[in-house]
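Structure first, commentary second.
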Amino acid sequence: MSMATQTKTEIIQKFARKKGDTGSPEVQIAVLTARINELSSHFEKHPKDHHSRRGLLMLVNTRRSLLDYLKRTNLSSYEKILIELSLRK
């Protein structure tokens with residue numbers, strides 16, 4: 001289950017701090033959120049796919065760690081990304 005290249009490029013362009021930015025926490029959180037949403041829809045069709053469920057949990061934990069880091073370092077960016085991606089906290 002991989003994300004389409006065009007979709008990933010659009011996400012990177014939307015959340016990048018500057019041109020060519022692919023490693024900032026904002027971009028990583030946005031890409032992880034898109035992957036999590038894709039996997040969530042996968043589980044509606046395949047509820048017994050426990051191997052992929054483990055991968056989903058790892059993605060969620062990674063995103064949570066990045067969100068915690070962003071909250072510590074740049075609170076305004078943290079709040080902005082929560083609103084844009086409709087994440088709860």
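Numbers here simply count residues along the sequence, with the first being 1. Since we're looking at a predicted model, the values are computed, not measured.
To the nearest 0.5 angstrom, I29 atom CD1 is 5.0 Å from L66 atom CG. One finds the OG atom of S76 at 11.5 Å from the CD1 atom of I81 (value rounded to the nearest 0.5 Å).
Annotation for S52 and H42: closest pair OG-NE2, 4.3 Å, computed over non-hydrogen atoms. Here the shortest heavy-atom pairing between Q28 and G23 reads NE2-O, 2.5 Å. Between F15 and A30 the shortest heavy-atom distance is CD1-CB, 3.4 Å. Scanning all heavy atoms of the two residues, the minimum distance from T22 to V27 falls at O-CG1, 3.7 Å.
Residues passing the side chain to side chain contact (heavy atoms under 4.5 Å, CB included) test with S77, sequence neighbours excluded: E26, L70, N74. Residues satisfying the side chain to side chain donor-acceptor pair (under 3.5 Å) test with N37, not counting sequence neighbours, are none. Partners of H51 according to the ring-ring contact (aromatic ring centres under 6.0 Å, His included) rule, which considers only residues two or more places apart in sequence or in another chain, do not exist here. A search for side chain to side chain contact (heavy atoms under 4.5 Å, CB included) contacts involving I36 returns S40, L56, L59, V60, R63, not counting sequence neighbours. Checked against salt bridge (charged side-chain N to carboxylate O under 4.0 Å, His left out), D68 has the following partners two or more places apart in sequence or in another chain: R64. Under the rule for a side chain to side chain donor-acceptor pair (under 3.5 Å), R53 has no partner lying at least two apart in sequence or in another chain. Y69 pairs by the side chain to side chain contact (heavy atoms under 4.5 Å, CB included) definition with P25, R72, T73, not counting sequence neighbours. Residues passing the side chain to side chain contact (heavy atoms under 4.5 Å, CB included) test with L75, sequence neighbours excluded: K71, Y78, E79.
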Quick one: side chains of residues 6-14, donor-acceptor pairs under 3.5 Å with protein atoms, not counting sequence neighbours, listed by atom name and distance.
from: T9; atom 1: OG1; to: T5; atom 2: O; distance (Å): 2.8

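In this structure a side-chain-to-backbone donor-acceptor pair under 3.5 Å is present from S41 to E38.
Annotation: side chain of S65 is not in contact with side chain of T62 (no heavy-atom distance under 4.5 Å).
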